[in-house]
Amino acid sequence: MSYPYQVKSAEAYKQAWEQSVADPEAFWAEVAAHFIWQQKWDKVLEWNFEAPDVKWFVGGKLNISENCLDRHLEAGGDKAAIIWEPNDPKGKSRTITYKELYEQVCRFANVLKNNGVRKGDRVCIYMGMVPELAIALLACARVGAIHSVIFGGFSAKSIADRLQDAQAQFIITADGAYRGAKEIPLKGVIDDALEQCPFVKKVIVLLHTKTPVSMIKGRDVWWQDELEKAGVDCVAELMDAEDPLFILYTSGSTGKPKGVVHSCGGYMVYATYSFVNVFQYQPGDLFFCTADVGWITGHSYIVYGPLCAGATVLMFEGIPTWPDAGRFWDIVDKYKVNILYTAPTAIRSLMAYGTEPIAGHDLGSLKVLGSVGEPINEEAWHWFDKNIGKGKCPIVDTWWQTETGGIMISNLAGVTPAKPSYATLPLPGIQPMLVDEKGEEIEGNDVSGNLCIKFPWPSIIRTTYGDHERCRTTYFTAYPGTYFTGDGCYRDAEGNYRITGRVDDVLNVSGHRIGTAEVENAINMHEGVVESAVVGYPHDLKGQGIYAYVVYGNTHGDDELTRQDILQTVSRIIGPIAKPDKIQFVKGLPKTRSGKIMRRILRKIAEGDMQNLGDTTTLLDPQVVEDIKEGKV
Ligand code: WT7
């Protein structure tokens, strides 16, 4: 594969960006021409941000799995597509060539068909990081089914909510998943979820951990058994460019997660374009993205982007700190990884172990490092640069979101300059703008505001599943005529963008997005809780921690046990990833006379910034603030 659309110099970047703004349709038509379309589009773009209604490559027909697989067979069938490192360092690693991946995807696509899956059906995927997870995604894409991957850290209740929202009648899972020393009983969790989801017709279960599981006759089938019955050839379904490819649930400022919908055509073009340009991928490079496929990063940069580009990806089942904090570096040396894409939270947790786990590792194969998910603090940036990149690997700080489908603002490795803690410049095709509270665009440099995008890009969110109005009000009404990201941002004197964090009630805990309202709802379901308020506070490892103020009836003198009980409830309702780090029992919450909780004050107290609480005289009962300050945990 060669990438004619890869920009290779700062000058070429500047030209591409300018061209993409002057004539976006010509720009993206040129990029899209390097993909396989069964039928060419009639029109590159139709859009308005009022409805919103965005269509890219209108009338074009394609299948993304053909772009990921079939087209590489002739020239690169024997090339590795996925190299898999198991959780257990002594376990057997697997290399799957493009030809093998193609065969396995076709075969599993037939399994889906044999089990009744049809184009447009929603298929929920709940698996660990095994190659079959990528196969499941690609097989869904091949038959035109809409996949919805749910991260392994979500509870049965969260799964049931998502299954109901998506009306998913099919599930692909495994008996269990390994994550470090832990074993997650995936099928058991699914069974609990299914008690509330009688509409689910089939559950396909991969045998992996050999954890004993219940298998209900007529509903549950084994992946391996079904494969034996399936044919090897599977013609890819002809998809419209605007047909949905997948749904991915993400948290917002209300209690209910929303299903972000991405399309087949535009998503494919942008995931691939951004992959090739940001990381400056060269044929033969080994790309290691440490994200879980349960998040958008795994969708775009483990599966679709790299495979469309004919790249070799490394997929890792385990976690960075097991069996010890040298695991990433063992893997980098073992396979000679060239590009490592990870998260600030992983970097900070490894930093805490010092440099000893790095000693004895060569890491000389590394060429490019990447960061995603939250602002990377300068200390972590320099540690990563010095100890892992040995000062010779460009670090790309990639800002984007589930809704954007691909990287939006980032330096391009070795092509445009990095600046620690800055995502730096927009990719070609991306037109960011900063707005003030009144919605006026803030022009010029050395300014701060809310980050919006004023023109569509190919992988923009198309809708929130089953509720288009929610998509409109969440992203397109705050600043009419633009897409609002929910992030605050500073633009420095040179025009570099620095993301300062969410400006809505969304937390970023270890790179996981969690809504405060969602956590409050879960806490409020706990017996004895009268009401609660959840805010974020700075956390050394997680970036943000979760601080919950809880008004509770009577803890019978055992606050600690009650705290543990509440954590159990949150785990059950959302999942272990949403457990508060701190719970403070309070007599009341600071409210205005109209009953609104003053979160600003609670945030300050959680941060330990007692001096700057601002005006508290408008509160219904200013005394509650004094009580809360005294009882801070
Ligand atoms: C939010 C999106 C993008 C995949 C992983 C997270 C924050 C993301 C950066 C970055 C500063 C970042 C933003 C954004 N974020 N990347 N490089 N620098 N902040 O996807 O769960 O949709 O979360 O993550 O606040 O809005 P997500």
Side-chain angles (χ1 to χ4, degrees), residues 149-151 153-154 246-253 257-262 267 270-271 274-275 278-279 289-305 341-348 369-378 380-381 384 395-411 418-427 430 432 450-453 459-461 464 474-475 478 483-491 496-515 518 536 542-544 577-578:
V149 185
I150 301 178
F151 177 63
F154 283 111
F246 65 83
I247 305 171
L248 190 55
Y249 283 86
T250 189
S251 295
S253 43
K258 48 189 175 276
V260 172
V261 176
H262 281 290
Y267 173 81
Y270 196 76
S274 54
F275 170 73
V278 170
F279 302 103
C289 168
T290 70
D292 193 287
V293 175
W295 308 110
I296 188 72
T297 309
H299 283 61
S300 300
Y301 302 114
I302 292 179
V303 182
Y304 292 114
Y341 189 31
T342 190
T345 187
I347 299 170
R348 287 191 303 263
L369 303 176
S371 167
V372 62
E374 55 177 310
I376 177 164
N377 47 311
E378 288 201 36
W381 195 100
F384 200 32
I395 298 178
V396 288
D397 179 355
T398 64
W399 174 83
W400 57 298
Q401 310 178 297
T402 304
E403 295 86 344
T404 70
I407 297 166
M408 301 286 281
I409 303 182
S410 174
N411 49 316
K419 178 169 179 179
S421 82
Y422 281 73
T424 76
L425 299 174
L427 262 67
I430 307 307
N450 286 347
L451 179 63
C452 294
I453 314 288
S459 60
I460 186 174
I461 177 176
T464 42
T474 310
Y475 308 105
Y483 165 83
F484 175 45
T485 64
D487 280 316
C489 184
Y490 168 68
R491 186 164 56 216
N496 290 305
Y497 290 84
R498 178 181 208 263
I499 312 300
T500 48
R502 304 289 304 194
V503 295
D504 51 10
D505 290 322
V506 170
L507 306 179
N508 192 325
V509 181
S510 301
H512 299 161
R513 194 159 144 186
I514 297 166
E518 217 176 325
K542 300 178 174 185
Q544 265 187 317
I577 59 170

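As the structure lists them, so they are numbered: ligands from 1, and atoms in each ligand from 1.
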Exercise. Considering only NZ, NE, NH1 and NH2 on the basic side and carboxylate oxygens on the acidic side, decide whether Arg498 and Glu378 come within less than 4.0 Å.
Key: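 No.
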
Self-check item: N-O pairing of Arg513 and Glu374 below 4.0 Å
Solution: no

Identify, for [atom], the protein heavy atom at the shortest distance, and state residue, atom and that distance.
{"atom": "atom 10 (C) of ligand 1", "value": "Glu374 O, 3.5 Å"}
{"atom": "atom 6 (C) of ligand 1", "value": "Gly373 CA, 4.1 Å"}
{"atom": "atom 14 (C) of ligand 1", "value": "Asp487 OD2, 3.2 Å"}
{"atom": "atom 5 (C) of ligand 1", "value": "Thr297 OG1, 3.5 Å"}

Close-contact set for ligand 1 against [X] heavy atoms, below 4.0 Å:
{"X": "Ile499", "value": "11 (C), 19 (N)"}
{"X": "Asn508", "value": "7 (C), 24 (O)"}
{"X": "Asp397", "value": "10 (C), 17 (N), 18 (N)"}
{"X": "Thr398", "value": "9 (C), 10 (C), 16 (N), 17 (N)"}

Quiz item: Does Gln401 approach ligand 1 within less than 4.0 angstrom via side chain, backbone, both or neither, non-hydrogen atoms only?
Solution: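 Gln401 to ligand 1: contacts from backbone and side chain alike.
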
Quiz item: For ligand 1, is any non-hydrogen atom under 4.0 Å from Thr404's backbone (N, CA, C, O), its side chain (CB onward), both, or neither?
Solution: neither

Quiz item: Taking N or O atoms only and a 3.5 Å limit, does Ile296 qualify as a polar contact for ligand 1?
Solution: no

